[in-house]
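The figures that follow rest on heavy atoms only: side chains count, while hydrogens, waters and symmetry mates do not. Every number for a ligand or one of its atoms is a count from 1 in the order of the listing.
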Amino acid sequence: MQAQEMMSGLRIPEMDELGHFFRSLPTSTLVGIGALTAVLAYWLATRPRPIKPPCDLLHQSEEVPNEGGGRRSMMGDPSKLLTHYHDDARTMYEVFQRGLHISGDGPCLGSRLPNQPYKWMSYKEVNARAEHLGSGLLHQGCQPNPNQFIGVFAQNRPEWIISELACYTYSMVVVPLYDTLGPDAIRFIINTAEISTVICDKVEKAQVLLDNVQRQETPCLRRIILMDAFDTDLVECGKGCGVHVQAMQEPPAPEDLSIVCFTSGTTGILVTALTCNNFTPTAVKVNQLALVSIKLQCFCVGVSLQSVVYCHGGRIGFYQGDIRLLPDDMKALRPTIFPVVPRLLNRMYDKIFNQANTPLKRWLLNFAAKRKGAELSRGVIRSDSIWDKIFFSKIQASLGGRLRMIITGAAPTSPTVLGFLRAALGCQVYEAYGQTECTAGCTYTTPGDWTPGHVGAPLPCNLIKLVDVPEKNYFAAKGEGEVCVKGPNVFKGYLKDPERTAETLDSEGWLHTGDIGKWLHNGTLKIIDRKKHIFKLAQGEYISPEKIENIYIRSEPVAQLYVHGDSLQSCLVGIVVPDPEVMPEWARKKGLIGTYKDLCKNTALKTAILEDLVRLGKAAGLHSFEQVKNIYIHNEMFSIENGLLTPTLKAKRPELKEFFKVKIDRLYSSISM
Ligand SMILES: *[C@@H]1O[C@H](CO)[C@@H](O)[C@H](O)[C@H]1NC(C)=O
């Protein structure tokens, strides 16, 4: 059929030219040429076609009048910002109902036990369980209104979604709690949101919550609903401090339920961007992101994505909860959509190149990727080329072999990695940029634009403007400045914290992100720096340590690092935490053998890592005063528990400085010697 279409469409310019060519040739050669024509015609008919971009890729955003230089997406209605994509799916509740309807009660949530196939719960089952749970909550005194906060303290699994849906069904608000938040943050959240009910997965987590109540640190907590089985000890323990412990399965007895109202929040914003791209209803995705991910905002991307999947009646498969089993889960689930953090993409890239263990193999890999890259730049994405058959099909099979879309965000991905993986995986790879405060996303790669090095154009639901940051020499007039976002996806404020809200959200409704962006000539945005945490070195040069860290973090053996400097010093030093899984092997190739801890103390390793950082810095165009002059290798990850990361897993810079004070002083004295 495709061949027919193309064959009848001989107005293709290349073919016209061929026609002229034939007419000017002597007949004797025409037989041979005839065969060639057939081959060419076949090639033209079957060659892969590029994805049609939804707008001109050289003009992906434009300035709107009277918005202080704010730019909007070229997609959608130019007169207003988009708030929803389908009229029948304006709220999370409606989104799910739409999925139920569209899928014709198809499979919805899947999970698996070790070495077993995925088991699926249908849309109707999920819906019934959510309604059941929700009415049970109301029966026990929860109020069906948006001031009722319900805590969910669990790993990502089907019951998480059911709890979420139960709340949306009755207008209550879900507050996710995670281990990684740390005990202080969990207590803070429970008290601030006055959470009386927490739905949690494991007995150990319930025990943590009960301990808090026993110490009278969270007096408002009254009820714990458990997903896993538990014994009477826990119930007794709860009784002792006035907390009712019950099972999620316990059939609550809904009495007369008269009020059912639906949440009116906006739905996930990524809905828009994705549906532009012929998103089909069979999407299956592995839900690993929310928990493996390092950043909470990733979780939001996950949530937004989930709503996209429901909206189209798709299904979601959960990983077993153990990241080491993820490859196995990928093979069992064979997902079509896979949201990942850049770190995982970097890992994939490093692993592919490590396995290609000779220079020839690497050269071939790069060569194949370049050939496919040429197709990519014409917008063609496919996984059936000769290069796929020879080189990439194994890589694709290791991810299940059905991937159609990868979505990444939360941190920058290097153009090299992104470019290679786009070619090797033969699926659409999108980059998003945003933060929790704007429902995770505010820019997104335009379908068809497979060039790396930017985060795409504004989403159709928000405007983006850049604001002067004179102290760092960024000016909006030059197309550079702090990224500000305005639109229905921007948050209303921090709960019960007007002061911080006012710092972040200005009176005109612009969210100030703290990131420094730059408009590229085709209307896409590039994130180039952070506004905060800048300082001058002794000689007066401005330093943005986060910009440098973002470059250095690409170093293969490095898991975390902190770049330090201050205006009393004339150079920078760094604290580096090597990746326990990657560094020993990396070191072995340099002839350094030992356990992780031993290697961390090895000066040869330190030198090797320092050289690698400086090499990366140079390649990325850092000035020599922006390069670290010495590093200390630390063998324990920065974490929330040890107080070196914030609950959203950003570096706590003042704490890091204090914690490593002695080491930093020693680094400086070693340089001056
Ligand atoms: C947009 O501009 C950037 C910077 O000039 C470039 O790298 C990228 O290839 C362009 N994208 C397209 C689709 O032309």
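- Each of the atoms 3 (C), 4 (C) of ligand 1 lies under 4.0 Å from some heavy atom of Leu520.
- When non-hydrogen atoms are compared, ligand 1 lies under 4.0 Å from the side chain of His521 (C-beta onward) but not from its backbone.
- Atom 7 (O) of ligand 1 has Pro452 O, 4.6 Å as its closest protein atom, hydrogens excluded (heavy atom only).
- Atom 13 (C) of ligand 1 has its closest protein heavy atom at Asp449 OD1, 3.4 Å.
- Tested against Gln60, the residues Thr443, Thr445, Asp449 include a single side chain to side chain donor-acceptor pair (under 3.5 Å) partner, Asp449.
- Using cut-offs of 30° and 60° on the angle between ring planes, the pair Tyr444 and Tyr430 is parallel.
- If you number the atoms of ligand 1 from 1 as listed, the ones under 4.0 Å from a heavy atom of Thr451 come out as 8 (C), 9 (O), 11 (N).
- A distance of 8.5 Å separates CE of Met348 from CD1 of Ile395, quoted to the nearest 0.5 Å.
- For atom 10 (C) of ligand 1, the nearest non-hydrogen atom of the protein is Asn522 ND2, 2.4 Å.
- The presence of a protein heavy atom under 4.0 Å from atom 2 (O) of ligand 1 is confirmed.
- Of all atoms in ligand 1, numbered sequentially from 1 with element shown, those under 4.0 Å from a heavy atom of Leu58 are 14 (O).
- Below 30°, between 30° and 60°, or above 60°: for His564 and Tyr562 the angle between ring planes is between 30° and 60°, a tilted geometry.
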* To do: Evaluate side chain to side chain donor-acceptor pair (under 3.5 Å) for Tyr552 paired with Gln627, printing each intermediate quantity in order.
  => CA-CA 10 Å; Tyr552 285 167; Gln627 300 263 25; 2.7 Å; yes
* To do: Take Val429 and Ile381, measure what side-chain contact (heavy atoms from CB on, under 4.5 Å) needs, and give me the verdict at the end.
  => CA-CA 10 Å; Val429 182; Ile381 289 192; over 6 Å; no
